[in-house]
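Single-structure report; data block below.
The model shown is predicted, which means the values in this text are computed figures rather than measured ones. Every number for a ligand or one of its atoms is a count from 1 in the order of the listing.
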Amino acid sequence: MPNRLSGKRVFITGAAQGIGLAITEVFIAEGAHVFLIDRDEALLEATAAKLKEGGAVVGYQAADIADAVAIGEAVGKAAAEIGSINALVNNAGVNVFAEPLQLADEDWDRCFDINLKGAWNCCRSVLPDMIARDGGVILNIASTHAFTIIPHTFPYPLAKHALLGMTKSLGIEYAAKNVRVNALAPGYVETQKVIDYWSSFSDPEKAKIETLKLHPGRRIATPREIALAAVFMISDECPFMNATCLTIDGGLSVLQHQ
Ligand SMILES: NC(=O)c1ccc[n+]([C@@H]2O[C@H](COP(=O)([O-])OP(=O)(O)OC[C@H]3O[C@@H](n4cnc5c(N)ncnc54)[C@H](O)[C@@H]3O)[C@@H](O)[C@H]2O)c1
């Protein structure tokens, strides 16, 4: 079933690498036109150039999603370059992990400014046009941290819980305007962020093996496996899926213990 995203003009954040890049590549293969945001300007430019070489319709803007003005301007640029945005993937996010009482105030702010307010900045920039036109679809990349807790990862799970709350709230607010808002909750996915997490341990290889062992299938997800689920959720194949969350974690979050 090719071209499942034909007619979708998608604003994707954190698109220069990892899950965001996998989503971008799979969406292009399914016929979407994409506008990419990342705060890593050099990586974003290189990524966009490579995608354009392959013939994709791609616009991009280096921006920090925590900067509401920059995101508003980027949505304007996206409309001018690829047409009014009718789909948004809020993917950009950062790990902020601490023992709660050791957390610095600036790290609390950084966590919520990016993982929650950043997604809101994008939602509020695209929603007026979606509501005024034919509706649209928003996908928030949450995490299993949106409903489970790993000790010493505070306050990242709080922001992901809130992102799930925002998904439900906006999904209800705009359902009658033909806007669907859903979340996708990956478990561990092999991206730079997870490699950096393993590297934070004195024995990274041991940390990796411990992570794989947690999983019923003894492996973690590839970014592409998350992207394939995102295609379904952004496509018109699930028109009544709204204000909900799809978990893709190989069964990790329902496993009591092994
Ligand atoms: N990797 C995992 O195991 C995993 C699991 C569950 C959820 N997630 C979520 O998936 C999303 C993507 O994760 P990933 O592992 O691909 O990350 P990643 O670090 O590999 O890539 C994230 C990209 O987002 C960009 N970015 C970060 N902060 C930004 C900001 N403020 N403004 C603009 N761009 C910004 C980075 O430059 C980077 O290119 C995140 O929201 C993350 O919380 C990841």
Open item on the list: Apply salt bridge (Lys or Arg N to Asp or Glu O under 4.0 Å) to residues Arg110 and Asp107 and explain how you reach the verdict.
Closed with: CA-CA 5 Å; Arg110 185 167 60 90; Asp107 286 335; 3.4 Å; yes
TODO: Of the side chain and backbone of Ala15, name the one, both, or neither that has a heavy atom under 4.0 Å from an atom of ligand 1.
DONE: neither
Open item on the list: If you compare all heavy atoms of Thr191 against all heavy atoms of Pro223, which two are closest, and at what distance to 0.1 Å?
Closed with: CG2-CG, 3.9 Å
Task: Rounded distance [0.5 Å steps], SG in Cys122 versus CD1 in Ile138 - done: 9.5 Å
Task: Proximal atoms of ligand 1 relative to Tyr188 (non-hydrogen, under 4.0 Å) - done: 3 (O)
Open item on the list: Among all protein heavy atoms in this structure, tell me which lies nearest to atom 44 (C) of ligand 1, with the distance rounded to 0.1 Å.
Closed with: Ile19 CD1, 3.6 Å
Open item on the list: Looking at Lys50 and Glu25, is any side-chain nitrogen of the basic one under 4.0 Å from a carboxylate oxygen of the acidic one?
Closed with: no
Open item on the list: Just to be sure I read this right, does ligand 1 sit under 4.0 Å from the backbone of Asn95, its side chain, both, or neither, counting only heavy atoms?
Closed with: neither
Task: Taking atom 31 (N) of ligand 1 as the reference point, the nearest protein heavy atom with its distance - done: Asp64 OD1, 2.8 Å
- [ ] Report the distance from atom CG of Leu36 to atom OG1 of Thr24, rounding to the nearest 0.5 Å.
- [x] 5.0 Å
- [ ] Mark yes when over 12 heavy atoms from residues, nucleotides or ligands other than Glu41 sit less than 6.0 Å from its CD; otherwise mark no.
- [x] no
- [ ] Just need the protein heavy atom nearest to atom 24 (O) of ligand 1, so name the residue and atom and give the distance.
- [x] Gly14 CA, 3.2 Å
- [ ] Write out the residue and atom name of the closest protein heavy atom to atom 32 (N) of ligand 1, then the distance separating them to 0.1 Å.
- [x] Ile65 N, 3.0 Å
Task: Non-hydrogen atoms of Val189 and Thr222 that approach each other most closely - done: CG1-C, 3.7 Å
Open item on the list: Under 4.0 Å, heavy-atom basis, I'd like to know which part of Glu190 is in contact with ligand 1: side chain, backbone, both or neither.
Closed with: neither
- [ ] Between Val194 and ligand 1, find which residue part has any heavy-atom pair under 4.0 Å and reply side chain, backbone, both or neither.
- [x] side chain
Task: For atom 5 (C) of ligand 1, the option (of Cys122, Gly187, Ser143) bearing the nearest heavy atom - done: Gly187
TODO: May I ask you to list the atoms of ligand 1 that are less than 4.0 angstrom from any heavy atom of Lys160?
DONE: 41 (O), 42 (C), 43 (O)
- [ ] Have a look at ligand 1 and work out which part of Thr191, if any, has a heavy atom under 4.0 Å from it: side chain, backbone, both or neither.
- [x] side chain
Task: Identity and separation of the nearest protein heavy atom to atom 21 (O) of ligand 1 - done: Gln17 CG, 3.6 Å
Open item on the list: Would you say NZ of Lys177 has more than 12 non-hydrogen atoms from neighbouring residues, nucleotides or ligands within 6.0 angstrom?
Closed with: no
- [ ] Specify the protein heavy atom at minimum distance from atom 36 (C) of ligand 1: its residue, its atom name, and the distance to 0.1 Å.
- [x] Asp38 OD1, 3.5 Å
Task: Ala142 contact mode with ligand 1 (heavy-atom cut-off under 4.0 Å) - done: backbone
Task: Candidates Leu163, Ile23, Asn90, Ile12 - the one meeting side-chain contact (heavy atoms from CB on, under 4.5 Å) with Ile141 - done: Ile23
- [ ] Might you point out which heavy atoms bring Gln258 and Arg218 nearest each other, and give the distance in Å?
- [x] OE1-NH1, 2.9 Å
Task: atom 11 (C) of ligand 1 [closest protein heavy-atom partner, distance rounded to 0.1 Å] - done: Asn91 O, 3.0 Å
- [ ] Using a strict 4.0 Å cut-off to heavy atoms of Ala63, name the atoms of ligand 1 that fall inside it.
- [x] 32 (N), 33 (C)
Open item on the list: Residue-level breakdown please: for Tyr156 versus ligand 1, do any non-hydrogen atoms fall below 4.0 Å on the side chain, on the backbone, on both, or on neither?
Closed with: side chain
- [ ] Specify whether Tyr197 and Tyr188 have parallel, tilted or perpendicular ring planes, treating 30° as the upper limit for parallel and 60° as the lower limit for perpendicular.
- [x] tilted
Task: atom 34 (N) of ligand 1 - nearest protein heavy atom and its distance - done: Arg39 N, 3.2 Å
- [ ] Show which atoms of ligand 1 fall inside a sub-4.0 Å distance from at least one heavy-atom site of Ile114.
- [x] 31 (N)
Task: CG-SG distance between Leu246 and Cys238, expressed to the nearest 0.5 angstrom - done: 9.0 Å
TODO: State, without any angle test, whether Thr144 and Asp249 hold a side-chain donor-acceptor pair at a distance under 3.5 Å.
DONE: no
TODO: Identify, by atom number and element, the atoms of ligand 1 in contact range of Val189, meaning under 4.0 Å from any of its heavy atoms.
DONE: 1 (N), 2 (C), 3 (O)
Task: Per-atom contacts, ligand 1 versus Gly18 - under 4.0 Å to a heavy atom - done: 16 (O), 20 (O)
Open item on the list: If we only consider heavy atoms of Ala221, is any one of them less than 4.0 Å away from an atom in ligand 1?
Closed with: no
Task: Spacing of Met233 atom CE and Asn182 atom CG [to the nearest 0.5 Å] - done: 4.5 Å
